[in-house]
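What follows is a set of notes on a single structure, which appears directly below.
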Amino acid sequence: MLAERMSQGLPEDQPRLLALLATGAAQILDLAVADHAAVDLSVRLAKADPDLGHLAGLVNAILRRLTRERNAILAAGGDPLDTNTPDWLAARWRAAYGEDAARRIAAAHLEGAAVDLTIRADTAAWAERVGGVALGLGSVRLTDVDAPVVSLPGYDEGAWWVQDAAAALPARLLGAVSGETIADLCAAPGGKTAQLAAAGATVVAVDRSGARLDRLRKNLQRLGLSAEVRVGDALALNEDGAFDAVLLDAPCSATGTIRRHPDVAWTKTEADLGRLADLQRRLLDKAAALVKPGGRLVYCTCSLEPEEGEAQADAFLSRHPGFERIPVTANEVAGQTEMVGRHGDLRTLPCHLPLLSSGETVARRGGLDGFFATRLRRIA
Ligand SMILES: C[S@@+](CC[C@H](N)C(=O)[O-])C[C@H]1O[C@@H](n2cnc3c(N)ncnc32)[C@H](O)[C@@H]1O
């Protein structure tokens, strides 16, 4: 779009010029910045840069042209799968989910994310108190996405915590956990640890990041919950068969969270996937060893990439004949069977759960984080 408006195209040897023009264009086309302020800022930045000073007039001309042509540019739009998605991700989502779903995923990324709460008890009553819609999935979606959550009723007393509705599903797949001892591997900042502790489990929360575990401790403290918190590499755990259940929320490409972290689409590369899939495989094998016979293992990632989800689960079952899948039922996803994938694994997409309402109350945003989860049982 910028290149089309420059007679000689974008100069390839001026990356800072491109960054400056792209920033100015985003302010003019997408953000609520006054035109004159956007143009003026970019021109001043160009003048202040010894390599770009002589191009300040060009910056001024191009950005002013954008302000004049804004309506035509926005009307021309284009499908976000073509205009707002790296080619390699668009190709993967087409292959994994089909053309239509890939387009809906890319469109959902432009909508932004809702704010969902996981409620400790009495979801319907809290939905009313905080001004939200009770999703059948067990979470409450706030109707006002801009509400400062710390000032909502129930924050100080720890009645709920912020957690995307999809992110809350994997821990629920463990079912009744009261009285069980559960290893939460890769636990920080602790949304799933809180769910398990609130449901009455004794939780061993392991993460290799001390800083993220500090957040987990603070979160649990506000909620009046406790867990045994361990800083360290989950791969080094040496307690084979000690746990009734293991939850492994493995590190991943996080392409399921692009609605809230748009940078993920542009900073991750295909090479990251191979490295992460290898770590996930090793963590899964460790998790399997920790589960006692008859116990359950839930593996999940906030990724849209099959290598980090479906393929990882299939490969695990080939390596571990002593485990079987326990398929997710329609009831567990409030009848939204589009969230149950091949073989009964959980597969949520950002385009699932479009706008919702309950009576008079309408949530301003639909959608979910993209999550994968498989539930396994150790049979031998
Ligand atoms: C997806 S996040 C976990 C989110 C968390 N389960 C929650 O619900 O709030 C992944 C976590 O894995 C941790 N991690 C990565 N590799 C690890 C390893 N080898 N052992 C333990 N933790 C690890 C990271 O520090 C990060 O906190």
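Order of listing sets the numbers, starting from 1, for every ligand and every atom in it. Only a predicted model underlies this, so the values are computations on that prediction, with no experimental measurement involved.
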### Parallel, tilted or perpendicular: ring planes of His320 versus Phe323, cut at 30 and 60 degrees
perpendicular
### Task
Taking the side chain as every heavy atom from C-beta outward, state whether His343 and Asp314 have any pair of such atoms under 4.5 Å apart.
yes
### Task
Could you tell me which non-hydrogen atom of Leu2 sits nearest to which non-hydrogen atom of Ala25, and how far apart they are?
CD2-CB, 4.4 Å
#### Entry: side chain to side chain donor-acceptor pair (under 3.5 Å) between Thr118 and Gln195, intermediate numbers included
CA-CA 8 Å; Thr118 297; Gln195 284 180 280; 4.9 Å; no
Identify all pairs of nitrogen or oxygen atoms, one from ligand 1 and one from the protein, separated by less than 3.5 Å, and list them with distances.
from, atom 1, to, atom 2, distance (Å)
ligand 1, 6 (N), Cys186, O, 2.9
ligand 1, 6 (N), Asp249, OD2, 2.7
ligand 1, 8 (O), Lys192, N, 3.4
ligand 1, 8 (O), Lys192, NZ, 2.9
ligand 1, 9 (O), Pro189, N, 3.4
ligand 1, 9 (O), Gly190, N, 3.0
ligand 1, 9 (O), Gly191, N, 3.1
ligand 1, 16 (N), Arg208, NE, 3.4
ligand 1, 19 (N), Asp233, OD1, 2.8
ligand 1, 20 (N), Ala234, N, 2.9
ligand 1, 22 (N), Arg208, N, 3.2
ligand 1, 25 (O), Asp207, OD1, 2.6
ligand 1, 27 (O), Ala188, O, 3.2
ligand 1, 27 (O), Asp207, OD1, 3.3
ligand 1, 27 (O), Asp207, OD2, 2.7
ligand 1, 27 (O), Arg212, NE, 2.6
ligand 1, 27 (O), Arg212, NH2, 3.2

### Message
Measuring only between side-chain heavy atoms, which start at C-beta, is Tyr299 closer than 4.5 Å to Gln280?
### Response
yes
### Query
Taking side chain as C-beta onward, heavy atoms only, is Val328 less than 4.5 Å from Asp345?
no
